[in-house]
Structures are given as C-alpha cells and as structure tokens.
Amino acid sequence: MRGESMAGQLIKEWTAIQQFPSATQEKLLELLGQLKNKNVNTLTILVMGKGGVGKSSTVNSVIGERAVTVSAFQSETPRPVMVSRSRAGFTLNIIDTPGLVEGGYVSDQVLETIKSFLGRFLLNRTVDVLLYVDRLDAYRVDNLDKQVVKAITDSFGKEIWHKTMVVLTHAQLSPPDALSYEEFFSKRSESLLKCIRQGAGIGRKDIQKYAISVALVENSGRCTKNENDEKVLPSGTAWIPSLVNTITDVALNGKPGILVDKKLIEGPNANDRGKIYIPLILAFQYFFVIKPIQKWIKQDIIRESSPAWD
Ligand code: GDP
Ligand code: MG
C-alpha cells in the first residue's frame, strides 16, 4: 500500500521493519497497536541536536534502513529531511535536521531552515515528539549546550519540552574513573537535564511538570546482541523497542503536540514587531516635525504679507 502525504510526496511502506529480529518486530508492532488504540495513526518525530552526535544514525536505526546520510564529518545534512513510512494504516514521519551549532555558535539560520521546512511539509499538523540527541560519552555540558536549548525554546516555545525526550548515543561505553555504568549514566543525564532546564527556563517547582525521559542508543554495527539477535545496552535492554516505547509514552503523555502554524513558522508577532511604537512615532512627528513646520510656514506667510519695502 502506498499513500500520499499532504505535501504530495510518496509515503513508502515500512518494509524495513522486517529487517529487525522478530522479537523487536513484535514489540514494535505492539507499540504501533497501542498508538492506534488511542486513535493515533500518525506519529511525527523531530530530531534535533548538535552536529555529529548521531541524529541521522538514530533515524536509520529506528527505521531499520539507511534512509538518511550518516557522516563521520560535520554538516553532511545541509537541509532537513523527512522520512515517512507507513505500516498497516499507521504513518511514521521522522525529520532529520542539520546540527544546530556552526563555527562554535548556535546557528539561527539552521533553526529558520528547520521551521520553514516544517511550514512547507507539516503546516497545520503537529510535531508529536522531539528527540533531543546528544552523546552519552561526553563528560561535560557547557554554555553552548545551554544556548542550543535556549534557541530551541525561543523558536518553538517552552511547551516543546513537554514533548521532548533526550536520546544519548554511543551508549556502549566503559565509564571512566571506576564509576559504574549506572552511576555514569545518571550523572551524565542529570547534568544534561539540568542544562536543559536552565536553557529552557524551567524553574525548580516545574521540574515534575516537565519531566523529560532519557533513552540510550548504540548505533554502532558492533553493538552487542542478545540471544534473539537484538542490539542491547550494557544493561541487557534491547534498545530499539525501548526507545520506541519511550517515544510512544511521550506521544501519549496527554500534552498537546507542537502545532506547526503560521505563528510558529514566522515567529511570535513577526509582522507586529515594533507596531506598538507606531502611535508614538506619529505623535512625535506631529509635535516635533509637523507643528514646527506649520509654525514656520505661518511665520513665513506673515512675513511675506507685510510689504517688502516695510
Ligand atoms: P549527526 O551529525 O548528528 O547526524 O551524526 P551522524 O549520525 O551522522 O553520526 C556521526 C558519526 O558518529 C558517524 O561516524 C556515526 O557512524 C557515528 N555514530 C553515530 N551514533 C553512534 C553510536 O551510537 N555509537 C557509535 N560508536 N558511533 C556512532
Ligand atoms: Mg546528520
């Protein structure tokens, strides 16, 4: 079965799901069933983060095929790409995007590109889940991370964090400094979540309201597998079904998805910016420009009307 999306591009049948080991397939189909039971028959996932963190690899892992370009070197995704797959009346859209950091700064241009892409392909529809991707094997968060979060918040609104989950790639690692894997994972995710709360302006009392889940991912072909041939984390968890499970939870968490409307694409009051100053400017012109000119003309007329030989 083939379908057409609103934008007119072909939605392929999700055949690659059959590439997964049968244990994974069963779990994925069960999750799609859960969504359909809740009358959710489309899931649109936006993937964002810095460059080189594993966004494109994660998209490919979830779809089960090489749908988007992966590169060991920066910026091989110059534009956002949407991968759409359908399965038994259910459509999965995943939007892969370029890294949000360029030359050491957050790129507002990349954010604009993402927004105009959404406007073109998803107008009046929703983004149901944001995957905020970073690496597990990073040992610090810095101000740039906070700036990335702030830029996302400024572009999409604070509410986007209600529909966000953090994805940490490179999850098959040996922690440094005699830390256990669990300790390392909880330290890394806590510091990243704290950074997100700071960047998004989520206060202490709203931590529960904006509870953000963290999922682990290992995209490498060398990822350990279990007896069912599923890729597993050091904990033994098969991570693909686990990731899709968390995505499902976020999609069904009762908070509205991010509506792609004109306001989102053009920014809040893009056309109104500065409009409040118009009356002030008019008043200023009246009292300081028009009035003096009138006065000056009047004086001139008076002067003119008196005889030149006076
Ligand atoms: P993007 O720029 O965020 O889209 O990152 P890519 O998906 O293109 O990945 C950048 C590089 O990291 C590529 O060489 C990938 O093969 C590698 N990579 C991505 N995810 C993982 C992972 O989970 N584990 C390992 N070992 N390598 C990864
Ligand atoms: Mg990429």
Side-chain angles (χ1 to χ4, degrees), residues 16 20 24 45-84 93-107 109-115 117-118 121 129-139 141-142 144-145 147-149 151-152 164-176 181 184-185 188-189 192 195-196 213-226 230-244 246-247:
F20 290 119
T24 296
I45 302 168
L46 178 61
V47 182
M48 291 201 284
K50 295 182 290 188
V53 294
K55 296 182 299 299
S56 303
S57 304
T58 304
V59 169
N60 290 342
S61 292
V62 170
I63 298 285
E65 65 183 283
R66 220 179 292 168
V68 293
T69 313
V70 166
S71 162
F73 303 96
Q74 281 287 78
S75 225
E76 284 287 303
T77 314
R79 282 171 295 154
V81 176
M82 179 154 76
V83 181
S84 298
N93 301 312
I94 308 188
I95 302 151
D96 189 21
T97 64
L100 291 175
V101 172
E102 270 177 1
Y105 294 95
V106 178
S107 168
Q109 208 206 317
V110 170
L111 272 163
E112 284 309 312
T113 312
I114 294 171
K115 284 206 281 186
F117 181 90
L118 294 177
F121 294 106
V129 180
L130 168 66
L131 301 191
Y132 185 75
V133 184
D134 206 334
R135 294 172 62 140
L136 176 64
D137 63 341
Y139 303 103
V141 293
D142 54 26
L144 190 57
D145 294 300
Q147 293 305 321
V148 171
V149 172
I152 292 174
T164 300
M165 60 175 290
V166 169
V167 170
L168 296 177
T169 62
H170 294 254
Q172 198 168 74
L173 63 73
S174 310
Y181 189 87
F184 182 79
F185 167 65
R188 170 70 178 134
S189 48
L192 190 54
C195 164
I196 289 174
S213 305
V214 182
L216 291 169
V217 158
E218 177 52 73
N219 291 307
S220 167
R222 280 168 298 193
C223 183
T224 309
K225 293 176 174 175
N226 65 13
E230 300 176 281
K231 290 179 168 182
V232 290
L233 301 169
S235 63
T237 307
W239 67 262
I240 292 176
S242 174
L243 171 66
V244 177
T246 312
I247 291 172

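Counting starts at 1 for both ligands and their atoms, following the listed order.
- The contact set between ligand 1 and Lys55, taken as ligand atoms under 4.0 Å from a residue heavy atom, comprises 1 (P), 2 (O), 3 (O), 4 (O), 5 (O), 7 (O).
- Between Thr169 and Asn219, the side chains place no donor N or O within less than 3.5 Å of an acceptor N or O (distance only, hydrogens not considered).
- To the nearest 0.5 Å, the span separating CG on Leu136 from OG on Ser189 amounts to 8.0 Å.
- Side-chain contact between Leu131 and Ile94 is absent, with no heavy atoms from C-beta onward closer than 4.5 Å.
- Nearest-heavy-atom check against atom 15 (C) of ligand 1 across Val70, Thr69, Val217, Thr58 picks out Val70.
- The Mg ion (ligand 2) has Ser56 among its coordinating residues (N/O/S atom, backbone or side chain, under 2.8 Å).
- Remark: ligand 1 atoms within the under-4.0 Å shell around heavy atoms of Ser57 are 6 (P), 7 (O), 9 (O), 15 (C), 19 (C), 20 (N).
- Taking OG of Ser107 as the reference point, atom CD of Glu102 lies at 4.0 Å (rounded to 0.5 Å).
- A donor-acceptor contact shorter than 3.5 Å links the side chain of Asn60 to the backbone of Ala67.
- Close approach of ligand 1 to Val53 is summarised as follows: ligand atoms under 4.0 Å from at least one heavy atom of the residue are 1 (P), 3 (O), 5 (O).
- Aromatic rings of Phe185 and Tyr181 (six-membered ring for Trp) have centroids beyond the 6.0 Å cut-off, not under it.
- Gly99 does not count as a contact of ligand 1, since none of its heavy atoms falls under 4.0 Å from the ligand.
- The option with the heavy atom closest to atom 11 (C) of ligand 1, from among Ser61, Ser71, Gly54, is Ser71.
- Atoms of ligand 1 found under 4.0 Å from any heavy atom of Thr169, numbered from 1 in the order shown, are 23 (O).
- Interface of Glu218 with ligand 1, defined as ligand atoms under 4.0 Å from a residue heavy atom, comprises 22 (C), 23 (O), 24 (N), 25 (C), 26 (N).
- Contact check on Asp137 versus Arg188 returns no salt bridge, with no Lys/Arg side-chain nitrogen under 4.0 Å from an Asp/Glu carboxylate oxygen.
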